[in-house]
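Accompanying notes for the structure given below.
In each ligand, atom 1 is the first atom listed, and ligand 1 is the first ligand listed.
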Amino acid sequence: MKVLAIGAHPDDIEIFMYGLLSIFKKEGYQVYTMIATDGAKGGTIKGKKLAKERANEAISGLEKLSSPIFLNLPDGELGTELGHGKIIKENILKIMPDLIITHSENDYHADHKSLSLITRGAVSHYIPILYCDTLMGINFHPNYYVDITNHKESKKEALLKHKTQKPDRFVDLFELMNSYRAAQCNAPKGNYAEAYNFKPSFPFSDIREILPPPLKLRPFHIENQHGFL
Ligand SMILES: [Zn+2]
């Protein structure tokens, strides 16, 4: 089974998808990672020097999962040229994954939105797409939660490799988001979950067979010792 994660910028896979990808890796899936833009605008230094540093950070951050494929499209301008879609499509087809994970079209950053729409257009109805959470969960309605508690420390380590991004703030951010998503499933403090959205369409009406098992069901009880409430 082949899973392809596509992030817009060099740290997005770690922030939004790392836990689920770690589970896939452990399950023996072939995990592929692809980074669409060069990230040349996201830092105090700019341009090619930053892009090179960020590429090295991504290689290091993703080393336990896969060697990332860099498309090096322009940061902040993804989708402004038709050629971008062609490059993304060609690279997806080279892998022909069984599942793609990428950003939601409702996310906050224009590059994230563009990548989501380009990816959807590129694969049409041939490959199912799982959309990852948006930044702080805004405009996002999950219908699939995955328990990443056992992978939380490796996610943190991966994110800390992105030194040009002052990564401590992103560690705080993902801990907040992933603990909130776990709490939505009534998991107690100390648990972490990543949230995803899948939109069924023919022929992928139900893709549970290729996903890791859902979170443990924790019903609400007044004297529940094992739930958030
Ligand atoms: Zn991004």
key: Test of ring centre spacing under 6.0 Å for Phe16 and His103   = yes
message = Within a 6.0 Å radius of atom CZ on Phe170, are there more than 12 heavy atoms belonging to other residues, nucleotides or ligands?
response = yes
query = Relative to the Zn ion (ligand 1), how many protein N, O or S atoms have a separation of less than 2.8 Å?
reply = 4
message = Determine whether a donor-acceptor pair (N or O, by modelled atom type, separation under 3.5 Å) exists between the side chain of Lys161 and the backbone of Glu57.
response = no
query = Got Ile69 and Ile95 here, is their nearest side-chain heavy-atom distance under 4.5 Å?
reply = yes
query = So His112 and Tyr108, would you call those rings parallel, tilted or perpendicular, with 30° and 60° as cut-offs?
reply = perpendicular
query = Does NZ or CZ of Lys2 fall inside the cone over Tyr29's six-membered ring, less than 6.0 Å from its centre and within 45° of the axis?
reply = no
